[in-house]
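Report on the following structure.
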Number of protein chains: 4
Amino acid sequence: MTPTGERVRRAALELFAERGFHGTGIRQLAEHAGLSSATLYHYMGTKEDLLVELMRASLERLVAAADDVLAHHAGATARLGALVRLHVTSHAERPLETRVVDDEVHALSPERRREVVALRDRYEGAWQQVIDQGLATGAFSVESAAVARRALLEMCSGVARWFDPAGPVALPDLADQYAVLALRLLGADARRVGGDTPPPV
Amino acid sequence: MTPTGERVRRAALELFAERGFHGTGIRQLAEHAGLSSATLYHYMGTKEDLLVELMRASLERLVAAADDVLAHHAGATARLGALVRLHVTSHAERPLETRVVDDEVHALSPERRREVVALRDRYEGAWQQVIDQGLATGAFSVESAAVARRALLEMCSGVARWFDPAGPVALPDLADQYAVLALRLLGADARRVGGDTPPPV
Amino acid sequence: MTPTGERVRRAALELFAERGFHGTGIRQLAEHAGLSSATLYHYMGTKEDLLVELMRASLERLVAAADDVLAHHAGATARLGALVRLHVTSHAERPLETRVVDDEVHALSPERRREVVALRDRYEGAWQQVIDQGLATGAFSVESAAVARRALLEMCSGVARWFDPAGPVALPDLADQYAVLALRLLGADARRVGGDTPPPV
Amino acid sequence: MTPTGERVRRAALELFAERGFHGTGIRQLAEHAGLSSATLYHYMGTKEDLLVELMRASLERLVAAADDVLAHHAGATARLGALVRLHVTSHAERPLETRVVDDEVHALSPERRREVVALRDRYEGAWQQVIDQGLATGAFSVESAAVARRALLEMCSGVARWFDPAGPVALPDLADQYAVLALRLLGADARRVGGDTPPPV
DNA sequence: AATGAATGAGAATTCATTCAT
DNA sequence: AATGAATGAATTCTCATTCAT
């Protein structure tokens, strides 16, 4: 990716996140990137192509990281805690791209949407799998795994809307807090975040 | 409100929720309402006026209901459970208007946004107040009340995005499940939803 | 003319004079008259009909007054002075309708324009006739009667653009001043305003 | 200024002068300029911007020329004659732009109007100054300098409405005639156009 | 690599006018 | 006499995109 191409993507990220895809014009994009609108088309396909690229990049990173979590942790509690930390950290550190992914799916044409939703489903599948595992082992206890998954994801994604790195809560702390909240929500013993082994008697 | 005016608002609700404010054109709106685009303007001010009306109506209803909850329940646990049931039920029963309120604030001009955000803040203030109460009485235990409030609201709002009244979970059940999840998240003893009195020894 | 009809014409006069015919909307007209735009059409034909009525009324009054001047004065100097006083007084007392007549002819369709221009030409014909008379008798001396006529009319019409009845100059004084200016311009002896008889030796 | 930009301004001049600002649509403008209405916006800001540009260009030229007159002539009679010739010549040679300046000020928004009126006032200030000078030296004699200034300007501006370069009167002749009329109107000895020195006894 | 020029389609909104009540 | 409802056509202006240079 050329530096200019990177600038274009950065500008798109900022504007799509702030005003939405339909609320952002090509000319605003060009101005924000410091280019003419014609030059913009050297570095992108259509406006929708650009959106898809941003979403795909963000989701692919997330999917890979989730796979990594599964590869490096075994127990449901540890895995879930790691997933929460990953998700919260991602959304706090990259609020622009996560908001675009979370909020602009409706702007995609059906074909493109399918592609993006498939990626998102892969990512959420990891969560589902861990929750199912925890329920099977008795580590978690919730009525509906699907409801819990959705509740957890929405709750953690919200961080992208308000986290302020200059604010009172440091990001690692926040990620830990969310891990505790999540495990409580799942009916897990939050003290046993490190693994699924029983607590000392 | 005339029946035609009602039709206009209904059409706006459906399209704004599905495609977003900027993704919805006046002509689509008119067609969806079964009117010419000129006639539309008999029943609304600007497109933004229409959006604000929808948002205000939804938020005012929610604020009034939250005030009602506070008026009819005393303990933090009971209040929190009632707020969760209110929020979840509202979002499940009126997914269109709640999604518009939750997703389209960014489309408002600064002046209009202030007005809407003030209403939303009033509503969220009720949640904050109840969480603070629970922390003071020892009914809840979380590190940060603000983090918990945000986590809870995001988690409950998500219902508007996926709840299907024809699906496997009945709405009252769902509301109960969410109340349990919420109280767990807050570190409350979820069995004691009815009050803040200590459990039997 | 009904009182309401009069109100409509008054409103049209004020708005056409201030914003011009094309700059005035039917709805503004209705609001200014205190009626609904549909009711307006009870008291008028089309918007252009309304404009033509206003113009015709104004011009017919002026034409009649000019005929009257010719009927009651004989000498070119007396007649010219009287025409100037008539024109200046009309434009100062009825600035709205005179400005509409002077400025909005271009807004008329060709057919309507012919009608209005014919009236205006009749009025200006009186001026032309008097100037010709003065040149024939030697009372006036200008190179071109047509140039003088135009210069005089433009000069006197301007009064409608700035005369303030509450200002420092009283209208009769102003009319006299203009008569003096006009006769000077025509090379007449302005002291002999009362008639064409030679001054006392 | 690009040639196309020049074409746009020319088209605007012709249509604004003929039909007025509000009577001229963007599409008519585009068609008249031989462009699509979207392309038009490559060469202008808003329609009002275009109007202001035309007015400003015209008035700035006139102001500069008036300053030049004052710089090159000393006596009130000579100056006034030169101002009249300048004004008449300008209005005869550039009837479109002068009519737009004279007739469309009312179409400007308050802010833009202030700017244009300030320029116009500067120009008229030159006339006022010369008339005051002539009154002070005794070269002119009128009751009110302000009335005379207005009468003169209106009278001379009218030329833009009827002068025909193919007509019977040549422009230099016309300008001279107007200078004579103007000086007569001011009570000056029109034979002494060249200066303020007394005539030979 | 970069851009000024160009445009058909579409944006939101207002237009003058009609008509049933 | 009065008006709310209705609309096709028009308004000004912006859209995303292409292309010759």
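In the text below, chain A, chain B and the rest are named by the order of the sequence lines, each starting its count at 1.
For the pair C:Tyr41 and F:dA2, the criterion of a side-chain N or O lying under 4.0 Å from OP1 or OP2 is not met. Taking only side-chain nitrogens and oxygens, B:His42 never comes nearer than 4.0 Å to OP1 or OP2 of F:dA6.
Taking 4.5 Å as the limit, every side-chain heavy atom of A:Asp49 sits out of range of all side-chain heavy atoms of A:Met44. Proximity of D:Arg112 to D:Glu48: side-chain heavy atoms (C-beta onward) are separated by under 4.5 Å at one or more points.
Protein atom OH of C:Tyr43 is 6 Å distant from nucleotide atom P of F:dA1, rounded to whole Å. Rounded to an integer number of Å, the gap from CD of B:Glu31 to P of F:dG8 is 13 Å. Between the P atom of F:dC15 and the CD1 atom of A:Ile26 lies a distance of 10 Å, rounded to the nearest Å. Across the protein-nucleic acid pair, C:Arg27 atom CZ and E:dT13 atom P stand 15 Å apart, rounded to whole Å.
C:Thr2 comes within contact range of no nucleotide atom at all, as no heavy-atom separation falls under 4.0 Å.
Residues D:Thr46 and C:Thr39 each lie close to DNA chain F; by heavy-atom proximity, the contact nearer the 5' end of the strand is made by C:Thr39. In this structure, A:Glu48 and D:Phe21 both approach DNA chain F, and ranking their closest nucleotides by distance from the 5' end singles out D:Phe21.
Pairing for E:dT21 is with F:dA2, a Watson-Crick or G-U wobble pair whose two hydrogen-bonding atom distances lie under 3.5 Å.
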